[in-house]
There are 4 protein chains.
Amino acid sequence: MEKRNKHQIKRELSFEKLMEASLKIFAEKGYDKASIDDIAKEAGYTKGTFYLHFSSKEELFLKLMDNRLESFKRQYFEVFSYVEDIEESLRRGVALFIELTKKDNWAPIYFEFCVNSMRNPVIKKQMIVHYHSWIDMVTSVLKQLDPFKECEDTQLKELAALIIAIIDGYHLQYSIDPSIADQNRIIQVIIQLLSSFKSGI
Amino acid sequence: MEKRNKHQIKRELSFEKLMEASLKIFAEKGYDKASIDDIAKEAGYTKGTFYLHFSSKEELFLKLMDNRLESFKRQYFEVFSYVEDIEESLRRGVALFIELTKKDNWAPIYFEFCVNSMRNPVIKKQMIVHYHSWIDMVTSVLKQLDPFKECEDTQLKELAALIIAIIDGYHLQYSIDPSIADQNRIIQVIIQLLSSFKSGI
Amino acid sequence: MEKRNKHQIKRELSFEKLMEASLKIFAEKGYDKASIDDIAKEAGYTKGTFYLHFSSKEELFLKLMDNRLESFKRQYFEVFSYVEDIEESLRRGVALFIELTKKDNWAPIYFEFCVNSMRNPVIKKQMIVHYHSWIDMVTSVLKQLDPFKECEDTQLKELAALIIAIIDGYHLQYSIDPSIADQNRIIQVIIQLLSSFKSGI
Amino acid sequence: MEKRNKHQIKRELSFEKLMEASLKIFAEKGYDKASIDDIAKEAGYTKGTFYLHFSSKEELFLKLMDNRLESFKRQYFEVFSYVEDIEESLRRGVALFIELTKKDNWAPIYFEFCVNSMRNPVIKKQMIVHYHSWIDMVTSVLKQLDPFKECEDTQLKELAALIIAIIDGYHLQYSIDPSIADQNRIIQVIIQLLSSFKSGI
DNA sequence: AATGAATGAGCGTTCATTCAT
DNA sequence: AATGAATGAACGCTCATTCAT
């Protein structure tokens with residue numbers, strides 16, 4: 001048992017280190033230019049160790065995607081979960097939402113996920129699953145808000161998809177040239193979108 | 001002289017063909033997985049010819065970016081140039097704008113430009129130049145519209161940047177899962193944004 | 001003492017299992033493509049256990065060769081040991097001999113031994129020892145037969161070598177294309193060879 | 001044209017060198033242990049050049065097999081083609097046949113072909129084709145001989161297959177331990193086989 | 001202008017072997 | 001006795017780039 005545990009702990013440690021390293025390397029170099037050697041070395045191991053944990057580069061990428069996308073959803077959800085009155089708290093929510101994307105070098109890795117999903121069907125499939133799960137999350141947040149409580153899910157989902165698209169667009173612009181991407185304006189747009197949606201009902 | 005000319009013509013022809021081929025191959029495979037061999041073959045030449053025109057893969061990529069981004073701006077500008085009365089024609093304009101992006105497999109190559117610009121400073125610099133030039137173009141289109149004629153350029157530029165961000169966001173979503181990206185809604189958002197901007201003045 | 005015994009028994013068990021597994025894997029994949037992992041897994045153990053029993057892949061191969069070649073000799077000897085009257089029983093003997101080679105996927109592993117012995121001096125040495133021991137075995141069988149009782153050993157050994165060569169040749173042909181290797185004809189050739197040898201004396 | 005020619009000549013030269021080198025390396029080390037690096041270096045080139053000529057290691061092996069097996073058939077055929085009177089000249093023919101196999105390090109490469117054909121279906125297929133073509137060759141030689149002129153092809157083919165099996169068996173024994181493989185005896189066996197076949201008609 | 005032979009560095013992956021547990 | 005984490009050398013293969021023709 002004890003042995004088991006020590007092995008397990010070591011295993012988990014090296015796995016964690018490799019995941020962390022791969023996040024960094026993929027973000028820095030992109031999927032293709034990131035080599036297994038780079039990743040293993042960054043994690044403090046050699047190539048061989050990598051293949052103890054992942055059967056291929058693609059598998060690692062998939063696992064990293066899954067891990068990161070899921071973790072982001074969770075973080076976002078926490079941010080939004082205590083949003084109760086509308087305007088002001090939503091403003092705060094969206095601001096936080098946007099703030100989070102700037103942490104952790106999220107942009108390069110996120111767009112790396114996106115771009116690779118456009119060409120690799122396996123990655124695409126996983127991307128779609130996560131994207132929908134985000135939409136569901138945002139939908140459920142909206143549903144907590146008074147004005148939307150009565151809305152149909154389909155409508156709210158469309159609204160959620162729109163919000164995510166806008167934030168992604170802002171996000172991309174911010175990555176290209178932070179000096180032109182104005183966080184306040186994008187928040188205004190989203191608030192406005194919500195208001196007009198309310199009144200449209 | 002004549003010979004010179006024939007050579008020049010041939011040279012331009014092979015250059016054009018290589019550019020076209022590289023567009024196709026980069027869109028299909030992405031920067032890293034596209035090989036010079038692939039591109040040359042697609043153009044009907046061999047590797048050697050490639051290096052007669054481009055000193056490296058990166059140079060080609062830069063030239064292609066320049067060429068495509070410029071050409072897109074031109075196409076968009078044409079679309080918008082005869083927009084004179086507001087709402088309806090703008091709707092048509094934005095729709096066309098969006099439609100254009102779906103042609104020519106533009107999405108994968110565009111995001112390829114974006115993602116690479118996040119990592120390569122030379123590419124980034126060029127991307128920023130083009131992005132600003134797009135903003136200027138959209139700004140100038142807006143300026144033609146009655147309600148915005150009196151606006152300050154700085155304000156209009158912010159508006160233009162916002163519009164482009166939103167369209168990019170829509171575009172990305174469309175690339176991830178076309179079934180959730182609703183073109184009409186995104187157009188509505190932009191129209192609304194314009195209206196509210198007008199009334200905000 | 002008892003503990004010792006238990007350990008020994010376990011040790012012998014795992015050794016046996018590893019040998020059996022290696023026979024199967026080497027036959028299936030050949031020496032180079034068979035991995036220690038494959039073999040250990042097939043035996044129901046892990047790599048570590050393998051190195052408790054064998055110091056290297058080559059040592060295993062050598063032990064397996066020794067084991068298999070010896071075991072084959074024993075089996076053959078049993079088959080031939082009760083051959084007493086000549087023609088008919090010899091026919092049966094040779095047929096059985098050939099039949100045995102088809103069992104247990106013997107061909108691929110046997111030729112694996114042969115081919116490796118052509119390149120590795122250690123393996124070659126062991127192969128020669130066994131080959132000679134086969135010749136001796138066949139010689140002793142021949143010596144039991146009336147017509148050969150008076151023959152000199154050197155002569156009988158030559159005959160034995162010839163018989164083994166012919167069977168190996170048949171065996172190889174059978175492995176390449178079973179549809180052209182005719183067991184009866186090869187038996188006839190051997191019978192004939194024996195008759196002519198007899199009359200040659 | 002001239003250019004073409006020079007390129008072609010260079011190409012053929014490097015191809016030839018690579019084939020020769022691969023013959024040597026495969027014979028020395030066997031298929032799996034022979035590395036592309038080894039082969040290319042032996043030929044005086046680098047790995048890259050190898051892949052200009054062969055798309056994979058397997059393709060090279062297949063081409064080498066085809067080339068060698070065909071060339072051997074041709075050599076054998078030349079040896080036998082002027083065999084007209086029986087016994088003595090056949091003796092000479094078989095002797096030459098056997099002699100040829102000792103040249104060029106044929107044994108290790110031939111058994112390498114055989115052993116690999118037992119596990120790789122593509123190689124197996126090609127091996128069978130060549131083997132049958134050998135049988136046909138030997139059959140046609142036999143048919144030139146007076147006693148066999150009237151025989152049916154099917155019968156002669158069986159005889160040919162038998163002869164080849166016996167020679168291969170001798171060949172294998174010779175490779176394992178030359179000191180026990182007696183060339184004269186194997187020739188006697190074949191001659192005898194032919195005589196008994198004749199009288200069997 | 002165009003070809004294509006040649007290079008060399010690099011990559012994803014495998015695997016025999018070691019050793020702490 | 002058995003495990004399994006870790007290594008490091010190798011291997012098959014790809015590809016951007018160079019250069020003689």
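All values below come from the heavy atoms of this structure, side chains included, with hydrogens, waters and symmetry mates left out. Throughout, a chain's letter reflects where its sequence line sits, starting with A, and its residues are numbered from 1.
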[X] [atom1] to [N] [atom2], straight-line distance once rounded to whole Å:
| X | N | atom1 | atom2 | value |
| --- | --- | --- | --- | --- |
| Glu16(D) | dA5(E) | CD | P | 15 Å |
| Arg11(B) | dA2(E) | CZ | C1' | 12 Å |
| Leu13(A) | dA6(F) | CG | C1' | 13 Å |
| Tyr45(C) | dT3(F) | OH | P | 8 Å |
| Glu12(D) | dA5(E) | CD | P | 11 Å |
| Glu59(C) | dA16(E) | CD | P | 15 Å |
| Lys41(C) | dG4(F) | NZ | C1' | 11 Å |
| Asp38(B) | dT14(F) | CG | P | 12 Å |

Donor-acceptor pair, distance only, cut-off 3.5 Å: does the side chain of [X] make one with the backbone of [Y]?
| X | Y | result |
| --- | --- | --- |
| Asp66(A) | Leu62(A) | no |
| Glu112(A) | Tyr31(A) | yes |
| Arg68(C) | Trp106(C) | no |
| Arg119(C) | Lys124(C) | no |
| Lys57(C) | Ala34(C) | yes |

* Looking at Glu59(A) and Lys63(A), does any basic side-chain N land under 4.0 Å from a carboxylate oxygen? -> yes
* Tell which nucleotide pairs with dA1(E), taking only Watson-Crick or G-U wobble pairs whose two distances are both under 3.5 angstrom. =>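 Pair assignment: dA1(E) / none.
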* Pair assignment for dA16(F), Watson-Crick or G-U wobble, requiring both distances under 3.5 Å ->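 Partner of dA16(F): dT7(E).
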* Do Lys6(A) side-chain and dG4(F) base share a donor-acceptor contact under 3.5 Å? ->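 Per atom types, no contact qualifies.
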* **base_contact_polar (dT13(E) base, Lys47(A) side chain, donor-acceptor, <3.5 Å)** => yes
* What is the nucleic acid contact for Ala40(D), judged by heavy atoms within less than 4.0 Å: base, sugar-phosphate only, or nothing? -> nothing
Give the nucleotide from the list [options] with an atom nearest to the side chain of [X].
| X | options | value |
| --- | --- | --- |
| Thr49(D) | dT3(E), dA6(E), dT3(F) | dA6(E) |
| Leu52(B) | dA6(E), dA2(E), dT17(E) | dA2(E) |
| Lys57(B) | dA16(F), dA16(E), dA20(F) | dA16(F) |
| Ser35(A) | dG12(E), dG8(F), dT3(E) | dG12(E) |
| Thr46(D) | dG8(E), dG4(E), dG12(E) | dG8(E) |

* Asked: Hey, which of these two, Asp32(A) or His53(D), hits DNA chain E nearer its 5' end, going by closest nucleotide?
  -> His53(D)
OP1 or OP2 of [N] under 4.0 Å from side-chain N/O of [X]:
| X | N | value |
| --- | --- | --- |
| Tyr51(D) | dT14(F) | no |
| Lys10(B) | dA1(E) | no |
| Ser56(B) | dA16(F) | no |

* Between Tyr31(D) and Tyr31(B), which has a closest nucleotide on DNA chain F that is more 5'? ->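 Its nearest nucleotide lies further toward 5', so the answer is Tyr31(D).
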* Toward the 5' end of DNA chain F, which comes first, Ile36(D) or Asp37(B), by nearest nucleotide? ->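 Closer to the 5' end of DNA chain F: Ile36(D).
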